[in-house]
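Single-structure report; data block below.
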Amino acid sequence: MPIYLYLDRRTFIHRLHPTVKILAVVAIFWSVYWVDNPLWLLPLGVLLMAGAQLTRAWPNFYSLRWLFVLLVFATTLTWTIFYRQGKPLLHLGPLFVSRASLEYGLGRGIKLAELLATSVLFLSTTKVEEFAFGLGELGVPYRVGFAITLAFRLVPLFIDSALTVVQAQSLRGYDFDSGSLITRVRRYVPVTVPVFMGALRKANNMAMALEARGFGYGTRPTSHVHYEIRPLDILTLIGVILLGAAYFLIYYTGHGAIAPG
Amino acid sequence: MVVLSAICAALYAAVLVPFKVVPLIPGVTEMRPANAIPVVCSFMFGPAAAWGAGIGNMIGDFFGGVGPADIFGFFANVVYGYVPYKVWQVMAPGEPPIIRSPLTAAKFVIACLLASTFCADIVGWGENLLALRPFLMLGNAIVFNNMLAAILLGPFLLAAIYPRVKAGHLLYEDLMPEHQVLPSKTAWLGMLLLTAGVLGAWLTGNLISTGYWRPHTLPASMTQPPYDRAIAIVVTPLVGLATLGLALM
């Protein structure tokens, strides 16, 4: 199972400044927020698909295809039931379905799918270090960025370590597979002990190594990685700001809303 | 503390990510046995576990895609990883969080319930505020999911790990002895406010999002689906009250 969605390609989106990418994600989230009508959400969906094509990120979208389907389906269904507005097409006890509730539900479903698509696109084109760098540029403390990067690096190590313990215990005849779901989950408790203790030993050694390297001594730590703002970054930033402004205008003029008919 | 936070985050994410494929409510939440990790880490590492829970959840979200509501998810998990530590400090100072008597079990359940419900309140309130999902859905699914993992796995994990961590002098009190505080009257007041805020937010959030309660003091336009404005006006102060309580503890 992949932990990282990052795909190493040489596209202009990959080469954008990390801070610009984070701001672009925020701008798309902002744009999605203002509009309820599914029709007005479609242009943004087309833009995201163009992004996926440009960055050749389709493999990631394909691996998450069921998540997209479930997200749209479950959200549409939920809001269709909860949004009790408009002339009912079906009214059976708590179940209330109208044209407005269907439109609203579909709009929410598409909205969440677009938020997911934006994040998949971002993660397909941004390394963890770039993300941490971008956060730092936006004023997030260096220690937070460092903790995020370190945690990302440690996840596969811990998963590997847990799998090794499971295999070692299975070889000794420990049965992980029989019994009810709860029994099976509880059988994994002994596995966590060596993983946990190994992790803590690692933490102790790492803390000493970091202290020896002067971690936390200076208020402004230096970095060997530098990203420069290029004209393309500025153009992209202007583009996403205009996109955000356009969607706010759609909301402001009342076009993005659903008519409770 | 930074390394300990990263370790807690990685442990949480390492269990969270493989279970992303087992949905509990499709498209909303999945089976999360990993939710026992922040509680277990909280009793041992306090604030480091809290930041670890937030970051670990963010890594889990990264696997399945992030959204604006994940900001609430981050803070909800920070709270989920912090409340058990603070509640235990107030209710059972100096006692190991290993269940050996019905009284310890009751204290453990109270700590987990407050943490789970506060976490659910923040996510449910945040998502309803952005009109993404109704409070009812996440507010209850999260309490159920968190409590299930914390109650079924937490005590076993603590019984297996806590004595070893204590023997290794790796508890938060050992690593940061200057941060140790004894429970005071203010802490008990904080706990009272936390309980009132957490339970009040959960109850009002559920009632408003289902349309069973429409506060008459609010204009009619605010008590229409998706109830984002009503939730903002009624539930926000209660979430604030719970946060104030936590700060006082």
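In what follows, chains carry the letters A, B, and so on, assigned in the order in which the sequence lines appear, proteins first and then strands, with residues in each chain numbered from 1.
Of the atoms belonging to A/Leu210, it is side-chain heavy atoms, and not backbone ones, that fall under 4.5 Å from chain B. Heavy atoms closer than 4.5 Å to chain B are found nowhere in A/Phe73, neither backbone nor side chain. When heavy atoms are compared at a cutoff of 4.5 Å, A/Arg108 approaches chain B solely by way of its side chain, counted from C-beta outward.
Taking each heavy atom of A/Ala151 and B/Ile55 in turn, the nearest pair found is CB-CG2, 4.2 Å. For the residue pair A/Tyr33 and B/Leu129, the shortest heavy atom distance occurs at OH-O, 4.1 Å. The nearest pair of heavy atoms linking B/Val2 to A/Ala147 is CG1-CB, 4.1 Å.
Of the listed residues B/Val165, B/Val40, B/Ile161, B/Leu4, the one with more heavy-atom pairs under 4.5 angstrom with chain A than any other is B/Ile161. Ranked by heavy-atom pairs shorter than 4.5 Å toward chain A, the options B/Ala6, B/Pro134, B/Ala9 are led by B/Pro134.
Listed by chain and number, the residues in a ring-ring contact (aromatic ring centres under 6.0 Å, His included) with B/Phe45 amount to none (sequence neighbours excluded). Take B/Thr104 and apply the side-chain hydrogen bond (donor to acceptor under 3.5 Å, both in side chains) test, not counting sequence neighbours, and it matches B/Ser101.
Inter-residue side-chain proximity for A/Val193 and B/Leu157 is flagged as unmet; no heavy-atom pair is nearer than 4.5 Å. Residues B/Ser5 and A/Phe146 are not in side-chain contact: their nearest non-hydrogen atoms beyond the backbone lie 4.5 Å or more apart. Looking only at side-chain heavy atoms (C-beta outward), B/Trp51 and A/Arg143 stay at 4.5 Å or farther from each other.
Here the CG atom belonging to A/Leu150 is positioned 6.5 Å from the CD1 atom belonging to B/Ile7, to the nearest 0.5 angstrom.
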